[in-house]
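The chains referred to below are lettered A, B, ... by the order of the sequence lines, with proteins before strands, and numbering in each begins at 1. Since we're looking at a predicted model, the values are computed, not measured.
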2 protein chains.
Amino acid sequence: MSPGEALPPERELSVTHEVSRMTARKALSVLEGEGLIFRDATRGTFVAKPRLTLRVGSFSKEVERGGGRAGAEVIWTREQPAGQAAAQAFGCDERDPVHVIQRLRRWDDEPVAVETTYYPANLLPGFLDDELHGSLWDRLAEYGITLSTTTATVEVVTLDAEIGPLLQARQGAPGLHMTRQTYDVTGRCIEYAQDVYRADRVALTIDRPLHDRVGDS
Amino acid sequence: MSPGEALPPERELSVTHEVSRMTARKALSVLEGEGLIFRDATRGTFVAKPRLTLRVGSFSKEVERGGGRAGAEVIWTREQPAGQAAAQAFGCDERDPVHVIQRLRRWDDEPVAVETTYYPANLLPGFLDDELHGSLWDRLAEYGITLSTTTATVEVVTLDAEIGPLLQARQGAPGLHMTRQTYDVTGRCIEYAQDVYRADRVALTIDRPLHDRVGDS
DNA sequence: CAGTGGTCTAGACCACAAT
DNA sequence: TTGTGGTCTAGACCACTGT
């Protein structure tokens with residue numbers, strides 16, 4: 001079947017396959033989790049488009065498959081105390097101020113990720129007052145910051161009542177949670193980020209030189 | 001609650017919270033997907049240990065959290081025609097022979113991943129005849145191969161009837177599927193691998209230098 | 001209004017393990 | 001035998017949408 005094509009209604013599937021509707025729904029939920037189909041509460045169930053493949057760090061120019069238009073929409077910005085997680089990343093005090101930016105990342109108008117990014121406020125005065133729709137790394141360059149390395153941790157989560165609606169996914173849908181820290185050439189942590197991707201719509205890809213630690217698969 | 005502690009039975013939860021058992025099960029399934037609890041069909045429901053954190057592309061010496069003992073158990077080995085996916089990775093013909101090794105990776109005796117690895121057979125005569133429990137990359141070094149970079153793609157899958165039992169997970173549990181290609185210093189693809197992790201038990205971490213492509217977050 | 005998926009109920013039977 | 005989770009049933013009501 002082709003993307004966009006409609007599947008039979010759940011009630012019809014349950015009759016034709018001689019199972020209860022709950023059982024038919026469970027089977028469809030597996031396909032939904034795999035990203036093969038999607039459901040619309042009022043219209044029905046449809047074949048999904050293939051997953052997008054994004055590079056780690058989610059860079060707008062670096063989408064592998066699924067051509068289209070990238071976009072980042074600012075949901076909110078805030079200046080606040082760092083708190084425990086960001087303070088640990090930056091090696092600062094929990095009360096030190098940080099800039100926080102939450103953005104919705106789209107591909108072809110389809111929401112694929114919610115990105116919450118933290119920066120030390122003292123390094124970046126006025127950072128929140130200017131353009132935040134484009135590349136934040138380009139903005140950092142304006143402050144004379146040269147980035148060097150990223151470390152990221154990925155795990156599977158369940159989309160909650162806060163993130164799910166932003167991604168137009170139902171609560172309970174599978175998500176990929178990525179925690180990122182980006183360092184500049186002096187080894188200082190400049191960026192701390194928490195990204196949540198729609199796991200049914202996205203695959204992540206990573207290039208990694210093995211440099212001096214070839215070793216022990 | 002502490003790891004290993006038992007939760008009340010589903011039937012009891014459904015009474016005390018005044019919901020049907022199916023509804024209680026659904027709530028528990030969210031916690032199970034998050035890796036916070038696990039269920040044993042005959043013993044009950046228990047609080048899980050924290051997830052392990054593994055580094056991408058490497059293993060035994062590189063576990064971040066969750067100290068314990070790593071192990072790799074060979075499930076099977078095989079010499080076969082490359083097939084479409086491996087041929088594309090190696091840039092060879094689909095009929096060229098490859099060595100294939102499937103191993104079960106454990107941490108503290110707990111199965112965390114199934115790893116299926118492909119190597120061009122002509123480069124590695126006798127590769128399957130020797131020790132395969134330890135580091136395969138060390139074995140490659142014996143053939144004079146120096147590895148250089150890895151590229152990996154990660155996506156969320158549902159564990160099927162083949163992989164699920166190997167990981168001692170029930171069918172339908174969430175998994176992380178990683179496709180890896182490792183290249184040597186001449187730019188030749190040496191290793192093609194398909195890994196499946198228990199998503200409820202594992203987080204993946206990646207270090208990545210940004211080198212010459214700082215860009216456009 | 002009819003039709004969709006989302007949710008929930010109150011049962012039922014199963015396999016399995018411990019007692 | 002008892003108790004556990006795993007599965008399934010045959011309904012029900014809801015919110016929402018398009019006609």
| field | Atom-pair distance (CZ on Arg170(B); P on dG5(D)), nearest Å | value | 13 Å

| field | Between dA10(D) (P) and Arg25(A) (CZ): distance, integer Å | value | 17 Å

| What is the distance, rounded to the nearest whole Å, between atom CZ of Phe38(A) and atom C1' of dG5(C)? | 13 Å

| task | Return no unless some side-chain N or O of Ser20(A) is found under 4.0 Å from OP1 or OP2 of dG11(D). | result | no

| request: Measure from CZ on Phe46(A) to C1' on dT17(D) and round the result to the nearest Å. | output: 12 Å

| remark: Rounded to whole Å, NZ of Lys26(B) lies from C1' of dG6(D) at a distance of 17 Å

| Starting at the 5' end of DNA chain D, which residue's closest nucleotide do you reach first, Glu12(B) or Met22(B)? | Glu12(B)

| message | Could you tell me how far apart Arg39(B) (CZ) and dA17(C) (C1') are, to the nearest whole angstrom? | response | 18 Å

| said: Looking at dT9(C), I'd like to know if its phosphate oxygens (OP1 or OP2) sit under 4.0 Å from a side-chain N or O belonging to Thr23(B). | reply: yes

| message | Ignoring hydrogens, what is the shortest heavy-atom contact between Arg139(A) and Gly126(A)? Give both atom names and the distance. | response | NH2-O, 4.3 Å

| field | Euclidean distance, atom CG of residue Leu13(A) to atom P of dG5(C) [Å, nearest integer] | value | 8 Å

| said: Should the side chain of Arg21(B) and the base of dG6(D) be counted as holding a donor-acceptor pair, with the cut-off at 3.5 Å? | reply: yes

| So do Gln194(B) and Thr179(B) actually touch side chain to side chain, heavy atoms under 4.5 Å? | yes

| field | Glu191(A) side chain reached by Leu147(A) side chain, heavy atoms, under 4.5 Å | value | no

| message | What is the separation between atom CD on Glu32(A) and atom P on dG5(C), rounded to the nearest whole Å? | response | 11 Å

| task | Evaluate the ring planes of Phe127(A) and His99(A), with Trp represented by its six-membered ring, and classify them as parallel (under 30°), tilted (30 to 60°) or perpendicular (over 60°). | result | parallel

| query | If only side-chain N and O atoms of Thr42(A) are considered, is one of them under 4.0 Å from the OP1 or OP2 phosphate oxygen of dA15(D)? | reply | no

| request: Nearest-nucleotide wise, let me know which of Arg43(B) and Glu10(A) is further upstream toward the 5' end of DNA chain C. | output: Glu10(A)

| note | Nearest-nucleotide check on DNA chain C, Arg11(B) vs Glu18(B); residue mapping nearer the 5' end is Glu18(B)

| field | Residue that, paired with Arg180(B), satisfies side chain to side chain donor-acceptor pair (under 3.5 Å) out of Asp195(B), Thr117(B), Thr150(B) | value | Asp195(B)

